[in-house]
Amino acid sequence: MPHSIEPLFALSHRPRRNRKSDWSRRLVRETRVSISDLIWPLFVIEGSQRSEPIPSMPGVARLTIDLIVREAHRAAELGIPALALFPYVDSALRDNSGSEALRENNLICRVCNAIAKEKLPVGLITDVALDPYTSHGHDGLLDGETILNDETIAVLTKQAVLQAQSGSDVIAPSDMMDGRVGAIRSALDQAGFQDVQIMSYAAKYASAFYGPFRDAIGTSKTLKGDKRTYQMDPANADEAMREVALDLDEGADMIMVKPGMPYLDIVWRVKDTFNVPTFAYQVSGEYAMIQAAAQNGWIDGDRAMAESLMGFKRAGADGILTYFAPRMAEYLKENR
Ligand code: PBG
């Protein structure tokens, strides 16, 4: 007996009993992250055999199509279900109306074609929004300082159909225009793409955590003003519920909340209320914070990664878009 104390009281509850050993902790574990929960975002550039590291996202690089195809094979081998693709568009191709978004055979069309040809068991998710293509860096068409809603939707529906024609499996509108999900659904149906899914960025907040992503797609310097007239105010939660309800009503198959970690209450409420496939995006700034602290030796990067992704699952997310996807898949194979 290390310390014998008088049994002055008998504890009726000892929650620590279940935590006493690894086998017991595993047995009572409530939440698990699996490889099937991961969506891997990738950045595409022109050229071949080239990888351009993104300084604000340590461990992430822009890749040429051939290297992306290699990563798609890696995703298949690891068992990652889906990729989300984002283009870095040459600045000479960006204009006021984002016309490059509608050009057949643009970068995103070619990368989709190239991956689709491989017939891998991996879903392709493509982003519908104009920001990689506009000279002003906004997701929609700009008139003076106003983002035009309905005019933008007319372009987005064409962008969505073009992506579907190129082999995209899931259209993910991230633009936050009103009514775009319904318009995209009917455009896809009319073009014969009834089976192409829509994952709607339904509750997307005007966030400081997108900074490194804007470096990655080259819009940090060009973005004029901010996106607060279309992305949501971080203070609002009821409004997120209304946005989700509308997108479901318009035909969204899956819902996304973005960013992730500062908005886990929203993930929880969405899942709890609507009971639909609910995803969260652990965005570039969240990834950068963990990586930066880990690189400084201030936190254990792998453990912080795993714990943050567990948080999403515990909050009710069915899956997570995360730049950690390949590392997390390896980690899950190494640690049960
Ligand atoms: C833009 C888009 C953004 C992200 C995904 N799609 C940034 C923005 O709205 O400015 C952010 C993703 C990330 O930060 O990882 N349509």
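Numbering of ligands and ligand atoms starts at 1, following listing order.
Using modelled atom types, one side-chain atom of T273 and one backbone atom of R269 make a donor-acceptor pair closer than 3.5 Å.
For F43 and F213, the ring centers sit closer than 6.0 Å to each other.
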Polar pairs, ligand 1 vs protein, N/O only, below 3.5 Å.
{"from": "ligand 1", "atom 1": "6 (N)", "to": "K258", "atom 2": "NZ", "distance (Å)": "3.3"}
{"from": "ligand 1", "atom 1": "9 (O)", "to": "K204", "atom 2": "NZ", "distance (Å)": "2.8"}
{"from": "ligand 1", "atom 1": "9 (O)", "to": "K227", "atom 2": "NZ", "distance (Å)": "3.4"}
{"from": "ligand 1", "atom 1": "9 (O)", "to": "Q231", "atom 2": "NE2", "distance (Å)": "2.8"}
{"from": "ligand 1", "atom 1": "10 (O)", "to": "R214", "atom 2": "NE", "distance (Å)": "2.7"}
{"from": "ligand 1", "atom 1": "10 (O)", "to": "R214", "atom 2": "NH2", "distance (Å)": "2.8"}
{"from": "ligand 1", "atom 1": "10 (O)", "to": "K227", "atom 2": "NZ", "distance (Å)": "2.7"}
{"from": "ligand 1", "atom 1": "14 (O)", "to": "S284", "atom 2": "N", "distance (Å)": "3.3"}
{"from": "ligand 1", "atom 1": "14 (O)", "to": "S284", "atom 2": "OG", "distance (Å)": "2.7"}
{"from": "ligand 1", "atom 1": "15 (O)", "to": "S284", "atom 2": "N", "distance (Å)": "2.7"}
{"from": "ligand 1", "atom 1": "15 (O)", "to": "Y323", "atom 2": "OH", "distance (Å)": "2.6"}
{"from": "ligand 1", "atom 1": "16 (N)", "to": "D131", "atom 2": "OD1", "distance (Å)": "3.0"}
{"from": "ligand 1", "atom 1": "16 (N)", "to": "D131", "atom 2": "OD2", "distance (Å)": "3.3"}
{"from": "ligand 1", "atom 1": "16 (N)", "to": "D139", "atom 2": "OD2", "distance (Å)": "3.1"}
{"from": "ligand 1", "atom 1": "16 (N)", "to": "S174", "atom 2": "OG", "distance (Å)": "2.7"}

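Atom OG of S207 is separated from atom CD of Q231 by 8.5 Å, given to the nearest 0.5 angstrom. Taking CZ of R110 as the start and CG of N113 as the end, the distance is 9.5 Å to the nearest 0.5 Å. With rounding to the nearest 0.5 Å, the separation of CZ in R103 from SG in C109 is 8.5 Å.
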For residues 124-138, run the donor-acceptor check on the side chains, cut-off 3.5 Å, and write out each pair with its distance to 0.1 Å, sequence neighbours left out.
{"from": "T126", "atom 1": "OG1", "to": "Q163", "atom 2": "OE1", "distance (Å)": "2.7"}
{"from": "T126", "atom 1": "OG1", "to": "S168", "atom 2": "OG", "distance (Å)": "2.8"}
{"from": "D127", "atom 1": "OD1", "to": "S174", "atom 2": "OG", "distance (Å)": "3.2"}
{"from": "D127", "atom 1": "OD1", "to": "Y201", "atom 2": "OH", "distance (Å)": "3.1"}
{"from": "D127", "atom 1": "OD2", "to": "S174", "atom 2": "OG", "distance (Å)": "2.9"}
{"from": "T134", "atom 1": "OG1", "to": "G137", "atom 2": "N", "distance (Å)": "3.2"}
{"from": "T134", "atom 1": "OG1", "to": "H138", "atom 2": "N", "distance (Å)": "3.3"}
{"from": "T134", "atom 1": "OG1", "to": "H138", "atom 2": "O", "distance (Å)": "2.9"}
{"from": "S135", "atom 1": "OG", "to": "D95", "atom 2": "O", "distance (Å)": "3.3"}
{"from": "S135", "atom 1": "OG", "to": "N96", "atom 2": "N", "distance (Å)": "3.2"}
{"from": "H136", "atom 1": "ND1", "to": "H138", "atom 2": "N", "distance (Å)": "3.2"}
{"from": "H136", "atom 1": "NE2", "to": "N96", "atom 2": "O", "distance (Å)": "3.0"}
{"from": "H138", "atom 1": "ND1", "to": "Y230", "atom 2": "OH", "distance (Å)": "2.7"}
{"from": "H138", "atom 1": "NE2", "to": "K224", "atom 2": "O", "distance (Å)": "2.6"}

